[in-house]
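Chain letters run A, B, ... following the sequence lines, proteins first, then strands; residues in each count from 1.
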Amino acid sequence: MMELVCPAGTPAALRAAVEAGAHAIYCGFADETNARNFPGLNFSREELAEGVAHAHARGAKVLVAINTFPRAGDQALWHSAVADAEAAGADAVILADIGLLAHAAEKHPNLRLHLSVQAAAANPDAINLYAESFGVRRVVLPRVLTVDEIAAINREIDVETEVFVFGGLCVMAEGRCALSSYATGKSPNMNGVCSPASHVAYAEVNGAQEARLGDFLIHRTPKGAVAPYPTLCKGCFTSPDAKGEVQTGHIFEDPASLDATRLIPALQKAGVTALKIEGRQRSRAYVAQVVRAFRAAVEAADRGQPMPEGLLAKLTEGQAATTGAYAKTWR
Amino acid sequence: MMRILSDPSVKVLGRSVPLPLPPMAPLSMLFSRLMRHVLQRHPSILRRMGATAGSRFLIDVTDMPFPMLLEPSLRRLTVTTRRNPPPHDTEIRGKLKSFLAMLHAEEDGDALFFSGELEIAGDTSSVVALRNALDDAEIDLTEELATLAGPAGPALRRMSALLERRTGLSLSRHRVQEDPEDFR
């Protein structure tokens, strides 16, 4: 059966994931070392140790995301995160930075290393470099590949692959996006925050809800319409087209979430080891519902049964789902 | 700013006359007592909120006659009015059903926000921190009230279960969520 890797932003969400059937849970420390550094979220050292014990007692693994890029001169925070994750009994750490990978490989030779999606390793050469240089055992593939491309990559590498099957989508090269830091000075890659809440402001203006990120008005949602996350990449902007005529729309990406449920059998056939659910910033209600649905789906795939669809529509951003690049017809 | 709902009123001779509001001070004392009880039983809430615990949250349950001002670091939850709300840093608006479902993890806060069932204004960091801290605390409103009620606790639990069945509101935490749909 494919491994189901599930998000947990809090100890309660971790327990909910375990209870709902997660094979592995990924989480992070409450600081800049992980890409979901949101207010009130994440784990202290003690909470991680308790979470690992809880998961292990029930046959689940815990992976610790330390997947931001350390600032020069401030590496100690990231180094201690790796050491503390190992001390807490984590089954693997998920890293993106090449320097941190080198550090972990040298100082923590018994710690299993996974390559974060933030490293954007999207071809066999890049993946093999990480595997040969640092002993990376699993790579989380960026959300830009088709199922056929994933199958082709798997034929040329000797490490496990993990792919996202549900949750928020990034349209940019992961780990390279500068939109959030352009608008706010804070980025997912360095500070662990995409569109930090400290820079988001909502207001009702003339019957519509306006969302601002920093100085930018990024959405004006009519009353009763579905609202997206306040990220620039999902923003609705007015700009001139090629003929100079003004148009308003989602310039970068429509606000929709990934739901690749129906592609699970194809991903299994493509040699994918693990399926990942996005959403450490979401509640334990989200975790419980999504994990339960996907656990049933991977069990159904294992038995060769058809995949269900549309069960989780309400939980998706924009309440719309897409199979993203996995089944893309565009280039 | 968000649109402020008017306080409850009735039409008398074609003119809108405000209904008398519930007695504010006793209700505020009761709510603040509950607040202190919850924070004592779940100290992680204030720890998770950090500096945002000092924020003032206007909680506007739109199908209740009054909004409430939540001040976590002061351990205070007071009743106020829509006409003259006190200064606040952030405002959260929605129906009672949505607030209770979110509290008991039957609905996801982001999903309620996507669908417009919950609206926020003001300091977004504080709202996110409060949501995450409450979600981790796994609060059960009925249990909080029952433990506060002492000897009347068992009767309160029975009354809550009855109310839950009658109204469909989520009044307690059910450990096992319902399957989205069983397709096994």
Legend entry - Most contacts with chain B, counted as non-hydrogen pairs under 4.5 angstrom, among Ala197(A), Ser44(A), Ala13(A): Ala197(A)

Legend entry - Neighbour count >12 (heavy atoms, 6.0 Å) for atom CZ, Arg47(B): yes

Legend entry - Stepwise side chain to side chain contact (heavy atoms under 4.5 Å, CB included) test for Arg48(B) and Thr10(A): CA-CA 10 Å; Arg48(B) 276 199 172 269; Thr10(A) 61; 4.0 Å; yes

Legend entry - Exam field: side chain Ser125(B) to backbone Ser198(A), donor-acceptor pair closer than 3.5 Å: yes

Legend entry - Any donor-acceptor N/O pair, Arg284(A) side chain to Asp108(B) backbone, under 3.5 Å: no

Legend entry - Within 6.0 angstrom of Met29(B) CE, more than 12 heavy atoms from elsewhere: no

Legend entry - Minimum-distance pair of heavy atoms, taken over all atoms of Ala105(B) and Ala285(A): O-CB, 3.3 Å

Inset, instruction - Could you check if a side-chain atom of Arg93(B) sits within less than 4.5 angstrom of a side-chain atom of Glu204(A), using non-hydrogen atoms only? - result: yes

Legend entry - Check: Glu119(B) and Lys223(A) side chains under 4.5 Å, non-hydrogen atoms: yes

Legend entry - Arg220(A) CZ: over 12 foreign heavy atoms closer than 6.0 Å: no

Inset, instruction - Could you grab the distance from atom CD of Glu107(B) to atom OH of Tyr286(A), nearest 0.5 Å is fine? - result: 15.0 Å

Inset, instruction - Let me know if Ala225(A) has heavy atoms under 4.5 Å from chain B in its side chain, its backbone, both or neither. - result: backbone

Legend entry - Distance, nearest 0.5 Å, that separates CD of Gln209(A) from CD1 of Ile120(B): 7.5 Å

Legend entry - Euclidean distance, Ser283(A) OG relative to Arg131(B) CZ, rounded to 0.5 Å: 6.0 Å

Legend entry - Proximity of Phe113(B) and Tyr202(A) rings by center, below 6.0 Å: yes

Legend entry - Asp136(B) side chain vs Ala12(A) backbone, donor-acceptor pair below 3.5 Å: yes

